[in-house]
Trainee: 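Before anything else, here's the structure in question.
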Amino acid sequence: MTRHFLRDDDLTPAEQAEVLALAAEVKAKPFDFRPLEGPRGVGVIFDKNSTRTRFSFEVGIAQLGGHAVVVDGRTTQLGREETLEDTGLVLSRFVDAIVWRTFGQDRLEALSSTATVPVVNALSDEYHPCQVLADLQTIAEHKGSPAGQTMTYLGDGANNMAHSLALGGVTAGMHVIISSPDGFQPDPVVIAAAEQRAAQTGGSVTLVADPVAAASGADVLVTDTWVSMGQEADGRDRTAPFRPYQINDELLAHAADDAIVLHCLPAHRGDEITASVIDGPRSVVFDEAENRLHAQKALLIWLLDHQ
Ligand code: CP
Ligand code: NVA
């Protein structure tokens, strides 16, 4: 069975721990792992904008000895309605893995249904699991094992980051709190899956509407843009209801004394986070960005090893 990584709980808790341990090794010895020597190809397709994901995958694949074929999805035949299933079959004849940033999760599921090489979700409307591997690596570096720690996410609870932090966080045994305005709560189906996973790991997932209560005592505070890619013209007010959920110095003061602050970036200073917090001493956002490289290399090594 070809293993794919389409959402955070596609890795069991033990497997996620293996990938994170490998990510630390890869970071220490970036040029010692060459599973794509040849070079073997990896398809990296973007249907949405990207800075970190594009650079980290392209450089990471090169460091693994491989060659990344990086394309804008609209310039492929996908943009002219070739089926996702045929595309999965065809690309599997050329490359050893497919990395794809797209819109609906159903698109990733369709392509992976026929792909005979691993398919990696590089962000969909529903999940951003590569980002959360990097987030967990960053937490481990700054705070020790994520298990048992409290991570509070503030902002759009219905977006890809909220869903992935819930699923990936409980997989690592964290207590995940999601705090979001009315109408922007996580998908109940995702919360149910996170609760099921939490029952295996000792973690938990809780929705707490009040941002101060949610941030109080947290070990990790996380936020994300209030307007995700594809939502720019959805007509919803994504400013006024979100203001109380901004990570600013006052909210940060309610977190644990040694709390760290994460943001997957790109950030909007003055909206979801203030400049004083993101550029301040508790922020680890640029370590977090760097860890995309190491965590994704580890993920690719692991997937190629578990065919
Ligand atoms: N965090 C993240 O995925 O960044 P990019 O959109 O720049 O890839
Ligand atoms: N939620 C954001 C994440 C960007 C990396 C988006 O989907 O645009």
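These numbers come from a predicted model, not from an experiment.
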Trainee: Any pair with a residue in residues 249-265 that passes side chain to side chain donor-acceptor pair (under 3.5 Å), sequence neighbours left out, goes on the list, sorted by first then second residue, please.
Mentor: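 Qualifying pairs: Lys143-Asp258, Asp249-Ser276, His263-Glu272.
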Trainee: Would you be so kind as to tabulate the donor-acceptor pairs closer than 3.5 Å made by side chains of residues 208-219, with sequence neighbours excluded?
Mentor:
| from | atom 1 | to | atom 2 | distance (Å) |
| --- | --- | --- | --- | --- |
| Asp210 | OD1 | Val212 | N | 3.1 |
| Ser216 | OG | Val212 | O | 2.7 |
| Asp219 | OD2 | Thr150 | N | 2.8 |

Trainee: Identify each donor-acceptor pair in which a side-chain atom of residues 18-26 lies under 3.5 Å from a protein atom, sequence neighbours left out, and give them as a table.
Mentor:
| from | atom 1 | to | atom 2 | distance (Å) |
| --- | --- | --- | --- | --- |
| Glu18 | OE1 | Trp302 | NE1 | 2.7 |

Trainee: Does anything in residues 62-119 pair up under ring pair (Phe, Tyr, Trp, His ring centres under 6.0 Å), and if so which pairs, sequence neighbours excluded?
Mentor: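 The answer is none; no pair qualifies.
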Trainee: Taking C-beta and beyond as the side chain, do Gln307 and Thr2 meet within less than 4.5 Å on heavy atoms?
Mentor: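 Result yes, sub-4.5 Å side-chain heavy-atom pair found.
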Trainee: Can you list everything that forms a side-chain hydrogen bond (donor to acceptor under 3.5 Å, both in side chains) with Ser180? Sequence neighbours excluded, please.
Mentor: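 By the side-chain hydrogen bond (donor to acceptor under 3.5 Å, both in side chains) rule, Ser180 matches no residue at all.
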Trainee: Decide yes or no for His306 and Glu15: does some side-chain heavy atom of the first lie under 4.5 Å from some side-chain heavy atom of the second?
Mentor: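 Side chain of His306 against side chain of Glu15, heavy atoms only: no contact under 4.5 Å found.
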Trainee: Going by heavy atoms in the side chains, are Leu108 and His4 under 4.5 Å from each other?
Mentor: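 The answer is no, as the side chains (C-beta and beyond) never meet within the 4.5 Å cut-off.
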Trainee: Applying ring pair (Phe, Tyr, Trp, His ring centres under 6.0 Å) as the test, list every pair that has at least one member in residues 207-238; sequence neighbours left out.
Mentor: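 Checked against ring pair (Phe, Tyr, Trp, His ring centres under 6.0 Å) - neighbours excluded - the pairs reaching residues 207-238 are Trp226-Phe242.
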Trainee: Running the 4.5 Å side-chain criterion over Ile, Leu, Val, Met, Phe, Trp and Tyr, what cluster does Val190 land in, apart from itself?
Mentor: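 Val190 shares its hydrophobic cluster with Tyr127, Leu167.
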Trainee: Only pairs at least two apart or in different chains count here, so list each salt bridge (charged side-chain N to carboxylate O under 4.0 Å, His left out) that has a residue in residues 125-136.
Mentor: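 Every salt bridge (charged side-chain N to carboxylate O under 4.0 Å, His left out) pair that includes a residue of residues 125-136, provided the two are not neighbours, is Lys48-Asp125.
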Trainee: Using residues 31-45 as the side-chain source, report each donor-acceptor pair under 3.5 Å to any protein atom, sequence neighbours left out, with the distance given to one decimal.
Mentor:
| from | atom 1 | to | atom 2 | distance (Å) |
| --- | --- | --- | --- | --- |
| Arg34 | NE | Glu37 | OE1 | 2.9 |
| Arg34 | NH1 | Gln63 | O | 3.2 |
| Arg34 | NH2 | Glu37 | OE1 | 3.3 |
| Arg34 | NH2 | Glu37 | OE2 | 3.2 |
| Arg40 | NH1 | Asp96 | OD2 | 3.2 |

Trainee: Which ILVMFWY residues can you reach from Phe55 by hopping between side chains whose heavy atoms are under 4.5 Å apart?
Mentor: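 Same cluster as Phe55: nobody, lone residue.
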Trainee: In the structure I gave you, are the side-chain heavy atoms of Asp10 and Arg3 within less than 4.5 Å of one another anywhere?
Mentor: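 Contact flag for Asp10/Arg3 side chains = no.
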Trainee: Could you note down all residue pairs passing salt bridge (charged side-chain N to carboxylate O under 4.0 Å, His left out) where residues 181-203 supplies at least one of them, sequence neighbours left out?
Mentor: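 Qualifying pairs: none.
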Trainee: Just wondering, do Lys297 and Leu293 contact through their side chains at under 4.5 Å, heavy atoms?
Mentor: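 A side-chain contact under 4.5 Å exists here.
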Trainee: Using only atom types and a distance under 3.5 Å, with no angle test, would you say the side chain of Ser50 pairs donor to acceptor with the backbone of Thr53?
Mentor: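 Pair found, side chain donor or acceptor close to backbone of Thr53.
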Trainee: Once salt bridge (charged side-chain N to carboxylate O under 4.0 Å, His left out) is applied, what residue pairs with a partner in residues 153-169 remain, sequence neighbours excluded?
Mentor: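 Every salt bridge (charged side-chain N to carboxylate O under 4.0 Å, His left out) pair that includes a residue of residues 153-169, provided the two are not neighbours, is Asp156-Arg238.
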Trainee: With respect to Asn121, which candidate in Glu109, His128, Gln105 satisfies the side-chain hydrogen bond (donor to acceptor under 3.5 Å, both in side chains) definition?
Mentor: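 Of Glu109, His128, Gln105, side-chain hydrogen bond (donor to acceptor under 3.5 Å, both in side chains) with Asn121 is met by Gln105 alone.
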Trainee: Are more than 12 heavy atoms, taken from residues, nucleotides or ligands other than Gln196, located less than 6.0 Å from that residue's CD atom?
Mentor: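 For Gln196, atom CD is not crowded (no more than 12 foreign heavy atoms under 6.0 Å).
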